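Notes for the one structure printed next.
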Amino acid sequence: MSNTSSDAIPQWGTYMREVYLSGKGPEPLGTVVFEEIEKKAIEKLKNHPGAFLYSGGSAGTWSTYTGNTTALNKFRIIPRMLVPCNNRDLRVTLFGVTYPSPLLLGPVGVQGTFTAEGEYAPAKAAAKLGIPFIMSSASTRSIEQVAQASGNGPRWYQLYWPRHEEVTFSLLKRAKENGFTGLVVTLDTMSLGWRPHDLERSYLPFGHGVGTQVGSSDPVFMSRLGRKPIADEIPEFPYDAVAKQKLLVDGDATAKDAAQLGYAWLAEANFGFYRSWEDIKPLRDNWEGPLILKGIQHVEDAEKAIDIGADGIVVSNHGGRQLDGAIPSIYALESIMKSEKVRAAQKSGKFTIMFDSGIRTGSDIIKAMALGAQAVLLGRPWVYGAAVAGQEGVEQVIKIILADLDISLAQAGLKGVADVLGRADQILTKVDF
């Protein structure tokens, strides 16, 4: 990316020229094609059974996962010609902060099972490129460790909602103290989805104390167990579920302790305690920054989010990982943006609409923004980049999709993302292959 000053428009499209001029192809991943990066990640993790599918897999028959991309493909962009769209501007303003693009790195848990760098890889990559990084509650590093890796980079915190209010408030306090400015509350994962590929292997890293580092480092959660917080813990890589389980069965004291902590954290944050809309108020009262609800798929829920004082939503079906047969996320966005109440709240600047589930290309981002999303969250592609090449792999994935977006805007005759937002009736058509 070329950018000569802090006020200059980031020129993401220059990445393509840089690759051509290098004569070496795109490094370090060796490809700019999502499916090829995915294949490389599968190959890299082939000796760590279960690791790839924990991120790459989906609920049930994978129908929601495949539906997300199929539905996106049914929206087609209608190009316009002879439009002077030089110096295209990808910048967006979210909650009063201007970012270099509409892309955010979405929250993905247990990164330490994909790469030795764990959450450090995406945190550092995002910070380097000015992209907001959303840290998962299921991280293999603590809030403090990720904040240190992120440095001055923009970062938000994703909350898997604890059962006990005092634990919740402790996490919010730590997030605020460590520079996380947005709170993303995931609503669709009060319990784990039905995932046959994980069930077949009994693959649950949390049960071995991996992905529970936010909890084990929390003073309030640990005090409930009569213990002191564990600071600066980094789980062993590679994570070998079979070996860990054998140690546990054989009575290894360290393995037993990790399992006890892991299941205690699961019981606290992810094992079937379902909330109501009234429960949002304590979060709103104890978080001064943007409060964003993730997992919204129904128009009435989007309208309720406005009523209870949320600052924004992420229209998402968790990348198909929670409910088999759910509505494709892009169709949910289309439906939600037909609401006059939602459009009015967005226009007033008091309510922000974001999108995830199925984003793979720059054209996908154009489609989501044309339908009304102000930003998009990227998930699996950057995870695969991290699995293959760590921080540098994540950086390349970010550059790939934003260069693709920049160039696709030009090919469509669009001057920037502001030229796209909410203009589906002029930019898109829907086809039925």
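Keep in mind that the numbers below use all heavy atoms, side chains included, and drop hydrogens, waters and symmetry copies. Only a predicted model underlies this, so the values are computations on that prediction, with no experimental measurement involved.
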Checklist entry - Do Leu333 and Ile353 have side chains that get closer than 4.5 Å, going by heavy atoms? => result yes

Checklist entry - Do the side chain of Ser217 and the main chain of Ala231 share a donor and acceptor less than 3.5 angstrom apart? => result no

Item to check | Trace of the side-chain contact (heavy atoms from CB on, under 4.5 Å) decision for Ile365 with Val420 | outcome: CA-CA 10 Å; Ile365 297 176; Val420 177; over 6 Å; no

Checklist entry - Within 45° of the six-membered ring axis of Phe133 and under 6.0 Å from that ring's centre, is NZ or CZ of Arg155 located there? => result no

Next on the checklist: Side chains of Asp218 and Ser170 only: does a donor on one sit below 3.5 Å from an acceptor on the other?
Outcome noted: yes

Next on the checklist: Side chains of Arg343 and Gln346 only: does a donor on one sit below 3.5 Å from an acceptor on the other?
Outcome noted: no

Item to check | Ring geometry between His208 and Tyr239 (parallel below 30°, tilted from 30 to 60°, perpendicular above 60°) | outcome: tilted

Next on the checklist: Please tell me whether Gln322 and Arg195 have a donor and an acceptor in their side chains that are separated by less than 3.5 angstrom.
Outcome noted: yes

Checklist entry - When you check the gap from the basic side-chain N to the acidic O, do Lys341 and Asp307 get nearer than 4.0 Å? => result yes

Next on the checklist: Under a 3.5 Å threshold, yes or no: a donor from one side chain and an acceptor from the other, between Thr93 and Thr98?
Outcome noted: yes

Checklist entry - Strictly under 6.0 Å, is that where the ring centroids of Phe206 and Trp265 end up? => result no

Next on the checklist: For a quick test of reading the model, state the closest non-hydrogen atom pair linking Gly130 to Pro154 and the distance between them.
Outcome noted: O-CG, 3.8 Å

Checklist entry - Which is it for Glu233 and Ser142 under the side-chain hydrogen bond (donor to acceptor under 3.5 Å, both in side chains) test, yes or no, and what are the steps along the way? => result CA-CA 8 Å; Glu233 179 185 17; Ser142 70; over 6 Å; no

Item to check | Ionic contact status for Asp356 with Arg380, cut-off 4.0 Å | outcome: no

Item to check | Step-by-step side-chain contact (heavy atoms from CB on, under 4.5 Å) determination, Trp194 to Asp324 | outcome: CA-CA 8 Å; Trp194 183 256; Asp324 192 27; over 6 Å; no

Next on the checklist: Would Glu303 and Ser339 count as a side-chain hydrogen bond (donor to acceptor under 3.5 Å, both in side chains) here? Give the steps.
Outcome noted: CA-CA 8 Å; Glu303 293 174 345; Ser339 164; 2.7 Å; yes

Item to check | side-chain contact (heavy atoms from CB on, under 4.5 Å) evaluation trace for His164 with Phe273 | outcome: CA-CA 10 Å; His164 297 99; Phe273 187 69; over 6 Å; no

Next on the checklist: Closer than 3.5 angstrom, by distance alone: can the side chain of Thr212 be matched with the main-chain N or O of Gly215 as a donor-acceptor pair?
Outcome noted: no

Checklist entry - For atom NZ of Lys173, is the number of surrounding heavy atoms from other residues, nucleotides or ligands below 6.0 Å larger than 12? => result no

Checklist outcome for this item: Taking every heavy atom of Tyr203 against every heavy atom of Thr113, the minimum-distance pair comes out as OH-CB, 4.0 Å

Item to check | Rounded distance (nearest 0.5 Å) linking atom CD of Glu200 with atom CG of Leu53 | outcome: 9.0 Å

Item to check | Check: Trp161 main-chain N/O paired with Arg275 side-chain donor or acceptor under 3.5 Å | outcome: no

Checklist entry - Which ring pair (Phe, Tyr, Trp, His ring centres under 6.0 Å) pairs, counting each pair once, include a residue from residues 316-363, with sequence neighbours left out? => result none

Checklist entry - To the nearest 0.5 Å, what is the distance between CG (Asp198) and CG (Leu192)? => result 8.5 Å

Checklist entry - For the side-chain hydrogen bond (donor to acceptor under 3.5 Å, both in side chains) test, which of Gln111, Gln145, Glu119 pairs with Thr140? => result Glu119

Next on the checklist: Assess whether a salt bridge exists between Glu18 and Lys399, defined as any Lys/Arg side-chain N lying under 4.0 Å from an Asp/Glu carboxylate O.
Outcome noted: no

Item to check | Donor-acceptor contact below 3.5 Å, side chain Asp301 vs main chain Ile296 | outcome: no

Item to check | Arg91 to Tyr99 six-membered ring, cation-pi geometry met (6.0 Å, 45°) | outcome: no

Checklist entry - Looking at Leu225 and Leu261, what are the two nearest heavy atoms and their distance? => result CD1-CD2, 3.6 Å

Checklist entry - Does Arg76 use its side chain to pair, donor to acceptor, with the backbone of Val431 at less than 3.5 Å? => result no

Item to check | Side chain proximity check, Thr186 to Val314, heavy atoms < 4.5 angstrom | outcome: no

Checklist entry - Stepwise, does the side-chain hydrogen bond (donor to acceptor under 3.5 Å, both in side chains) test hold for Tyr157 with Ser137? => result CA-CA 8 Å; Tyr157 181 72; Ser137 282; 2.8 Å; yes

Next on the checklist: Does Glu144, at its CD atom, have more than 12 non-hydrogen atoms belonging to other residues, nucleotides or ligands within less than 6.0 Å?
Outcome noted: yes

Item to check | NZ/NE/NH1/NH2 to OD/OE distance under 4.0 Å, Arg174 and Glu177 | outcome: no

Checklist entry - CG/Leu377 to CD1/Ile292 distance, rounded to the nearest 0.5 angstrom? => result 9.0 Å

Checklist entry - Taking C-beta and beyond as the side chain, do Ile330 and Val315 meet within less than 4.5 Å on heavy atoms? => result no

Item to check | Taking every non-hydrogen atom, the tightest pair across Val108 and Ser55 | outcome: CG1-OG, 4.4 Å

Item to check | Beyond-backbone contact of Pro282 with Thr168, side-chain heavy atoms, under 4.5 angstrom | outcome: no

Checklist entry - Does Asn73 use its side chain to pair, donor to acceptor, with the backbone of Thr70 at less than 3.5 Å? => result no

Item to check | Thr115 side-chain N/O to Ala387 backbone N/O, donor-acceptor pair under 3.5 Å | outcome: no

Next on the checklist: Could you check whether atom CZ of Arg284 has more than 12 heavy atoms from other residues, nucleotides or ligands sitting under 6.0 Å from it?
Outcome noted: yes

Next on the checklist: Do Ser150 and Met135 make a side-chain contact, defined as non-hydrogen atoms from C-beta onward lying under 4.5 Å apart?
Outcome noted: no

Checklist entry - Would Lys430 and Glu334 pass as an ion pair if we require N to O under 4.0 Å? => result yes

Item to check | pair Val394-Leu105: side-chain heavy atoms closer than 4.5 Å | outcome: yes

Checklist entry - Below 6.0 angstrom between ring centroids: does that apply to Phe52 and Tyr384? => result yes

Next on the checklist: Does any part of the side chain of Tyr15, heavy atoms only, come nearer than 4.5 Å to the side chain of Pro26, both counted from C-beta?
Outcome noted: yes

Next on the checklist: If I take atom CG from residue Leu291 and atom CD1 from residue Ile308, how far apart are they, to the nearest 0.5 angstrom?
Outcome noted: 6.5 Å

Checklist entry - When you check the gap from the basic side-chain N to the acidic O, do Lys415 and Asp89 get nearer than 4.0 Å? => result no

Checklist entry - Would you find a donor on one side and an acceptor on the other, under 3.5 Å apart, between the side chain of Ser136 and the backbone of Pro107? => result no

Next on the checklist: More than 12 heavy atoms of other residues, nucleotides or ligands under 6.0 Å from OH of Tyr274: yes or no?
Outcome noted: yes

Checklist entry - Hey, mind stepping through Thr31 and Lys40 against side-chain contact (heavy atoms from CB on, under 4.5 Å) and telling me if it holds? => result CA-CA 10 Å; Thr31 180; Lys40 288 175 180 283; 3.9 Å; yes

Item to check | Atom of Val214, atom of Arg141 and distance for their closest heavy-atom approach | outcome: CG2-O, 3.9 Å

Checklist entry - Does Ile427 reach the side chain of Ile77, with side-chain heavy atoms less than 4.5 Å apart? => result yes

Item to check | side-chain hydrogen bond (donor to acceptor under 3.5 Å, both in side chains) evaluation trace for Gln391 with Glu395 | outcome: CA-CA 6 Å; Gln391 177 186 340; Glu395 288 177 22; 2.8 Å; yes

Next on the checklist: For the backbone of Ile327 and the side chain of Asn317, can you confirm whether one donor and one acceptor N or O come within less than 3.5 Å of each other?
Outcome noted: yes

